[in-house]
Amino acid sequence: MNMGYSIDEALTAIDKCGPKAQICDLADFICASQLEKKTVSLQDPTNNRHDASISIDMGMMHHSHPMTGFGIPNEASSLISRKLSREVADKPYFYFENVAIAPKGVWNNMSRFLYEIEPEFVDSKYFCAATRKRGYIHNLPIHNRSPLLPIPPLTIQEAFPATKKWWPSWDKRTKLNCLLTCVAPGTVTDRIRKILENFDAEPPPNVQDNVLQECRKWNLMWVGKKKLAPLEPDEYEKLLGFPRDHTRGGGVTRTERFRALGNAFQVDTVAYHLSVLKGHFPNGINVLSLFSGIGGAEVALDRLGIMLKNVVSVEKAEVNRNIIRSWWEQTDQRGNLIEIDDVQKVSSNQLRQWMTKFGGFDLIIGGSPCNNFSGSNRVSRHGLEGEQSSLFYDYFRIVDAVMDIQRNELQ
DNA sequence: CAAAGCATGAAGTCCGTA
DNA sequence: TACGGACTTCATGCTTTG
């Protein structure tokens with residue numbers, strides 16, 4: 001175990017909030033009790049295609065169905081509102097992200113640490129042509145959000161028009177599955193090609209089912225007649241909303257690109273949530289970016305037109321730090337970028353120094369490692385106490401320290 | 001030595017039905 | 001309510017290649 005912050009220390013810190021702080025209420029509609037379970041269904045007045053259902057259960061975290069969170073573009077959700085406790089209602093804002101489908105109890109625990117704020121579960125399939133189910137805990141306003149423009153293509157065929165002619169009618173997929181850190185080996189697509197070559201026209205239904213199963217499992221696209229292929233790194237970049245060649249060059253290998261992109265934000269989704277900050281920082285924003293990866297947060301803020309004044313970016317992988325630095329140069333940023341390699345080195349004193357110099361942080365943003373949460377992990381899906389995922393406690397430690405310094409020293 | 005290739009299921013959620 | 005089957009998943013570690 002490699003935690004810079006013990007659970008006992010963290011729970012003590014939580015206790016400062018009060019023994020049973022009703023911190024996150026969905027005002028007007030939902031009054032959550034710690035002991036009883038209440039489920040409220042909100043009928044969308046302008047669109048009857050679905051109910052926005054929010055379920056609160058202190059014993060087990062439920063995901064909102066169908067993963068639209070506190071709202072997505074073109075889906076009126078003005079009925080949903082929430083009231084945050086005073087402790088987190090003011091600046092600095094923080095924005096935490098991780099995989100939605102984590103082992104039981106994980107989201108409950110993370111939510112408890114992060115001031116009992118109810119997570120917002122969103123599938124990025126509403127923002128691009130690929131599924132990406134993620135949970136977000138944040139204290140941002142949730143009204144008057146606006147999507148990044150232009151709106152990306154929402155179907156596979158629109159996103160990759162060149163492949164349209166190869167798409168058989170019996171493959172009804174319009175969305176790709178989640179973009180992972182690894183892609184299909186050649187053996188898979190080679191085997192399918194040989195099977196399909198046995199049939200002149202349309203293969204029989206049982207063969208179709210078999211092929212479709214493999215297509216979904218390995219996230220394959222039609223790139224030729226009877227020919228399937230996994231996505232390329234530049235296609236990952238496009239779907240996730242990054243600039244073309246964002247991760248290309250500068251000594252980055254193909255394997256490293258898949259790894260880094262598979263771990264990244266979907267930029268349009270995050271930018272939609274951050275869009276409420278537009279216009280609030282005319283002189284630029286001070287950002288503490290934790291587990292920055294390839295800079296999804298920085299790219300999102302930049303595309304929103306929010307000037308990056310001071311950015312402290314914490315990222316362990318040198319390859320990723322190079323990518324961010326390179327993007328920073330490419331986009332002619334006028335602000336100040338500070339790159340740190342390890343969250344565990346970020347002490348309260350260090351935070352205090354930065355905050356004194358910058359006048360505090362306006363936004364703390366990042367997603368802690370999901371290695372021990374992901375369903376793809378066959379070896380060490382150990383939950384919040386896993387080797388990498390336990391770094392969540394450092395995320396909380398840092399957020400809480402910034403809140404504390406801001407409240408008690410800089411006001 | 002670095003980079004790429006490749007085999008390795010469990011643990012959930014969702015959804016229909018009895 | 002309960003149950004069974006379909007479906008999906010920010011990966012790790014060993015082997016091969018060059």
Side-chain angles (χ1 to χ4, degrees), chain A residues 50 53 55 57 60-67 96-108 110 121-125 128 130-136 172-173 175-191 209-210 212-220 229-233 236-237 239-242 247 251-267 269-270 290-297 315-320 366-384 386-389 391-392 395:
Chain A
H50 69 266
S53 172
S55 177
D57 181 343
M60 183 168 121
M61 190 70 68
H62 290 275
H63 303 138
S64 64
H65 182 75
M67 279 215 189
F96 171 80
E97 178 264 5
N98 217 308
V99 293
I101 312 298
K104 280 182 179 175
V106 165
W107 273 105
N108 244 329
M110 295 192 298
F121 293 103
V122 181
D123 189 336
S124 289
K125 73 177 180 181
C128 68
T131 292
R132 205 169 186 79
K133 300 181 183 71
R134 296 293 181 267
Y136 307 89
K172 307 291 187 189
R173 288 178 298 157
K175 301 281 184 184
L176 289 162
N177 278 338
C178 187
L179 277 48
L180 306 178
T181 57
C182 304
V183 294
T187 49
V188 173
T189 51
D190 190 47
R191 190 179 71 244
D209 288 346
N210 196 284
L212 284 176
Q213 199 172 331
E214 294 292 297
C215 284
R216 280 192 276 262
K217 178 179 179 182
W218 293 106
N219 226 5
L220 303 175
L231 296 174
E232 289 294 316
Y236 267 49
E237 287 170 349
L239 288 165
L240 292 173
F242 287 91
T247 61
V252 186
T253 69
R254 179 181 166 85
T255 306
E256 286 166 336
R257 293 181 74 187
F258 282 124
R259 170 64 65 96
L261 285 160
N263 282 302
F265 284 169
Q266 206 289 322
V267 171
T269 309
V270 173
L290 303 174
F291 309 102
S292 302
I294 58 175
E315 168 56 36
K316 189 171 191 176
E318 186 186 357
V319 182
N320 291 343
S368 61
C370 71
N371 306 37
N372 310 114
F373 302 157
S374 170
S376 298
N377 193 336
R378 320 275 183 93
V379 181
S380 53
R381 196 181 186 187
H382 296 155
L384 204 42
E387 186 181 350
Q388 291 85 15
S389 293
L391 287 169
F392 164 81
Y395 186 99

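Just the heavy atoms: all of them, side chains too, but no hydrogens, waters or symmetry mates, feed the values below.
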S.K.: NA contact type, C182(A), heavy-atom cut-off 4.0 Å: base, sugar-phosphate, or nothing?
M.R.: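 Result for C182(A) = base.
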
S.K.: Using only heavy-atom distances, determine whether the side chains of E387(A) and S380(A) contain a donor-acceptor pair under 3.5 Å.
M.R.: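 Checked: E387(A)/S380(A) side chains show no N/O donor-acceptor pair below 3.5 Å.
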
S.K.: Which one of V99(A), N98(A), L384(A) satisfies the side chain to side chain contact (heavy atoms under 4.5 Å, CB included) criterion with W107(A)?
M.R.: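 Output: one option passes, namely N98(A).
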
S.K.: A quick test of your reading: do over 12 heavy atoms of other residues, nucleotides or ligands sit less than 6.0 Å from NZ of K316(A)?
M.R.: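 Counting other residues, nucleotides and ligands, NZ of K316(A) stays at 12 neighbours or fewer.
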
S.K.: What integer distance in Å separates N372(A):CG from dA10(B):C1'?
M.R.: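 It is 15 Å, rounded to the nearest whole Å.
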
S.K.: Within the structure, does a side-chain N or O atom of N377(A) lie under 4.0 Å from either OP1 or OP2 of dT9(C)?
M.R.: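 Looking at the OP1 and OP2 atoms of dT9(C), neither is under 4.0 Å from any side-chain N or O of N377(A).
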
S.K.: Can a side chain N or O of S376(A) be found less than 4.0 Å away from OP1 or OP2 on dA11(C)?
M.R.: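 Indeed, a polar side-chain atom of S376(A) lies that close.
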
S.K.: Within less than 4.0 Å of OP1 or OP2 of dA4(B), is there a side-chain N or O belonging to T255(A)?
M.R.: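 For T255(A), the contact criterion (side-chain N or O under 4.0 Å from OP1 or OP2 of dA4(B)) is met.
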
S.K.: With rounding to whole Å, what would you report as the distance between dT8(B) and dT9(C) at their C1' atoms?
M.R.: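 Looking at atom C1' only, dT8(B) and dT9(C) are 15 Å apart.
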
S.K.: Please confirm whether the shortest side-chain N or O distance from R254(A) to OP1 or OP2 of dA4(B) is below 4.0 Å.
M.R.: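 It does not, given that no N or O in the side chain of R254(A) lies less than 4.0 Å from OP1 or OP2 of dA4(B).
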
S.K.: For the side chain of R378(A), starting at C-beta, report the closest nucleotide among dT13(B), dG9(B), dG13(C).
M.R.: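 For the R378(A) side chain, the nearest candidate turns out to be dG9(B).
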
S.K.: Starting at the 5' end of DNA chain B, which residue's closest nucleotide do you reach first, E256(A) or G186(A)?
M.R.: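 Nearer the 5' end of the strand: E256(A).
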
S.K.: On the side chain of R216(A), is there an atom forming a donor-acceptor pair with the base of dC7(C) - under 3.5 Å, no angle test?
M.R.: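 Per atom types, no contact qualifies.
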
S.K.: Taking a pair as Watson-Crick or G-U wobble with both distances under 3.5 Å, which nucleotide is matched to dC10(C)?
M.R.: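 Paired with no nucleotide.
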
S.K.: Any idea which of dC6(B), dC10(C), dG12(B) is nearest the V99(A) side chain?
M.R.: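 Selected nucleotide: dC10(C).
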
S.K.: Paired with dG9(B) by Watson-Crick or G-U wobble geometry, both distances under 3.5 Å: which nucleotide is it?
M.R.: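 Base partner found: none.
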
S.K.: The side chain of S380(A) lies closest to which of these nucleotides: dT12(C), dC6(B), dG12(B)?
M.R.: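 Out of dT12(C), dC6(B), dG12(B), the nucleotide with an atom closest to S380(A)'s side chain is dT12(C).
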
S.K.: Indicate whether OP1 or OP2 belonging to dA11(C) is found under 4.0 Å from a side-chain N or O atom of S374(A).
M.R.: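 Yes, S374(A) has a side-chain N/O under 4.0 Å of OP1/OP2 on dA11(C).
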
S.K.: Students often get this wrong, so: under 4.0 angstrom with heavy atoms, is E97(A) touching a base, only sugar-phosphate, or nothing?
M.R.: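 E97(A): base contact, heavy atoms under 4.0 Å.
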
S.K.: According to the interplanar angle, ranging from 0 to 90°, do the rings of F96(A) and F392(A) count as parallel (below 30°), tilted (30 to 60°) or perpendicular (above 60°)?
M.R.: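 Answer is perpendicular, since the angle exceeds 60°.
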
S.K.: Verify the contact: side-chain N or O of R259(A) to OP1 or OP2 of dC10(C), cut-off strictly under 4.0 Å; return yes or no.
M.R.: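 The answer is no; no side-chain N or O of R259(A) sits under 4.0 Å from OP1 or OP2.
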
S.K.: Can you tell me if the side-chain N/O atoms of T253(A) get under 4.0 Å from OP1 or OP2 in dA4(B)?
M.R.: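 For dA4(B), OP1 or OP2 has a side-chain N or O of T253(A) closer than 4.0 Å.
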
S.K.: Which of the following nucleotides, dT9(C), dG13(C), dC10(C), is nearest to the side chain of N177(A)?
M.R.: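 For the N177(A) side chain, the nearest candidate turns out to be dT9(C).
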
S.K.: Using atom C1' in both nucleotides, what's the gap between dT8(C) and dG9(B) to the nearest angstrom?
M.R.: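 Those two atoms are separated by 13 Å.
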
S.K.: Which whole-number value in Å describes the distance from L180(A) CG to dA7(B) P?
M.R.: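 L180(A) atom CG is separated from dA7(B) atom P by 17 Å.
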
